[in-house]
Amino acid sequence: MHGGVTPAGESPPESSRPEQGADQERVVVMHKPVSVPQISQGQAGEAAPVPQAIAFTGERRDFRKLVTRGALLELVTLGFYRFWLATDMRRHLWSHTEVHGDAAEYTGTAKELFIGFLVAMAILVPVYVAYFFVGLEAERVQAFASLPLIAFLYVFTQFALYRARRYRMTRTVWRGVRFSMGGSGWSYAWRASLWTLWVWVTLGLALPWRAAALERFKMRYTSYGTLQGSFEGTGGAFFRQGWWLWLLMWPTAMFIFPIPFLYAMYKAIEWRWWVNGLRFGAVRFESDLDIADLMGFYWKVIGWLCLALLVMSLWFGAVFGLGHLAIGNGLEGEAKMAAVMANPFVLVGMGVGYLGTAMAFNVILRMYLVRDLWARVCETSVVHNLAAADNIAVLGEAASAIGEGFADSLDIGGF
């Protein structure tokens with residue numbers, strides 16, 4: 001799905017875009033249940049291929065149980081269970097995503113992610129330590145002298161994201177054929193960094209063209225078996241769909257509340273634009289994802305997060321109140337306050353409240369912004385010319401999990 005990965009290598013030639021004809025007429029699809037309309041006869045008198053809906057069949061309660069148990073085990077294992085949780089979540093999402101009755105498969109393992117993380121940390125820890133000491137010395141010599149080091153970490157982050165995408169792609173199988181990806185992670189990293197600099201210079205106006213250029217780079221090296229991937233979306237098309245968000249951003253920049261909803265609008269436009277631009281040979285995708293689809297998710301996330309914070313506040317108040325009644329008899333004012341706050345039972349009680357809230361946050365975000373978002377993107381998308389994906393050969397090899405380890409060690413792992 002949305003994401004990418006690529007190893008070092010030469011750039012293969014870009015595949016040409018298939019000719020558009022009467023048998024590839026654009027179809028407008030309604031939300032699930034998707035009802036695909038009949039397509040008019042082509043000039044040759046033959047019916048155009050019927051687009052195939054993408055279905056998500058996973059049960060919400062099953063995913064909720066999975067992430068709730070995973071969040072609890074993450075707390076017990078101090079975060080190390082996240083490799084197993086990420087694997088379980090991907091297997092659930094992949095295996096319940098179907099096209100023409102065939103479900104995808106995720107073949108990655110938690111062991112691969114864990115080993116990749118350990119190798120990445122063995123490489124990155126010395127870099128972090130060197131960065132810390134060099135940064136301190138540089139700041140003593142001259143203000144802002146550590147900016148080049150910060151720039152390097154940003155470039156390295158882009159490299160890690162690209163390599164992590166490559167790992168996920170090569171662990172994705174459909175109809176027994178694996179996706180593959182090639183190219184240079186460093187080549188992607190410097191392109192992404194230069195485009196980011198241009199976005200800052202243009203106050204965000206160049207963002208659509210950055211997204212288009214990077215997607216073209218990623219899809220140029222992506223294939224499904226022998227079907228070469230490509231990306232037909234343009235920065236101009238993206239800008240025309242979302243220019244008004246750029247105007248709204250400035251008057252609302254001083255207020256926090258509208259930001260999540262502006263972001264939801266932006267992501268809805270980006271997802272629709274991205275899906276419509278995807279190509280694998282003659283196979284193309286189409287989405288009618290609407291802004292309202294994502295706005296509802298963000299309203300629910302904010303509502304549940306506010307409720308979780310309210311419960312945490314009440315819990316803290318109850319723990320402190322009980323401590324105030326039972327501790328520090330004979331003390332008054334600041335002395336009693338200090339005695340209550342230093343009591344180990346009060347500290348443990350507040351710690352439990354904090355960890356419980358953190359677990360609730362994880363479950364809420366994964367339910368709405370991972371599972372529900374994935375399902376909605378699937379349900380509002382169709383595939384055209386699926387017959388072009390029949391009888392293709394396997395191509396490429398499985399990638400190392402070290403790239404995903406780099407991303408995880410930088411706290412930028414994703415789906």
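As a basis for the values below, the full set of heavy atoms in this structure was taken, side chains included, without hydrogen atoms, waters or symmetry mates.
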Chi angles and distances behind the side-chain contact (heavy atoms from CB on, under 4.5 Å) call for Trp84, Thr109: CA-CA 8 Å; Trp84 283 262; Thr109 66; over 6 Å; no

Check: Lys65 main-chain N/O paired with Thr68 side-chain donor or acceptor under 3.5 Å: no

Distance, nearest 0.5 Å, that separates CG of Asp293 from CG of Leu373: 10.0 Å

Spacing of Arg284 atom CZ and His384 atom NE2 [to the nearest 0.5 Å]: 4.0 Å

Ring-ring centroid check Trp94 Trp374, cutoff 6.0 Å: yes

Separation between CD1 of Ile269 and CZ of Arg240, rounded to the nearest 0.5 Å: 13.0 Å

Validation row, ring centre Trp246 to ring centre Trp243 under 6.0 Å: no

Asn362 (side chain) donor-acceptor with Ala71 (main chain) under 3.5 angstrom: no

Plane angle bin for Phe231 and Trp273 - parallel if under 30°, tilted between 30 and 60°, otherwise perpendicular: perpendicular

Main-chain N/O of Arg171 paired with Thr107 side-chain donor or acceptor, under 3.5 Å: yes

Verdict with reasoning, Phe239 to Trp209, per ring pair (Phe, Tyr, Trp, His ring centres under 6.0 Å): CA-CA 8 Å; Phe239 179 79; Trp209 286 270; 5.4 Å; yes

Under 3.5 Å: donor-acceptor pair, side chain of Gln228, backbone of Thr222: yes

Phe217 ring center near Tyr221 ring center (under 6.0 Å): yes

Aromatic ring pairing Phe179/Tyr224, orientation class (parallel under 30°, perpendicular over 60°, tilted between): tilted

Electrostatic pair Glu74-Arg366, nearest N-O below 4.0 angstrom: yes

Full working for side-chain contact (heavy atoms from CB on, under 4.5 Å) between Leu72 and Tyr81: CA-CA 9 Å; Leu72 180 60; Tyr81 187 74; over 6 Å; no

Arg82 to Phe117 six-membered ring, cation-pi geometry met (6.0 Å, 45°): yes

Value rounded to 0.5 Å, distance of CG in Asp102 from CH2 in Trp174: 5.5 Å

Pair Asp88 + Arg69: basic N to acidic O under 4.0 Å: yes

Donor-acceptor pair, side chain of Thr234 and main chain of Ala237, under 3.5 angstrom: yes

Basic-acidic side-chain contact under 4.0 Å: Arg91, Glu105: no

Partners passing salt bridge (Lys or Arg N to Asp or Glu O under 4.0 Å) against Arg60 (at least two apart in sequence or in another chain): Asp372

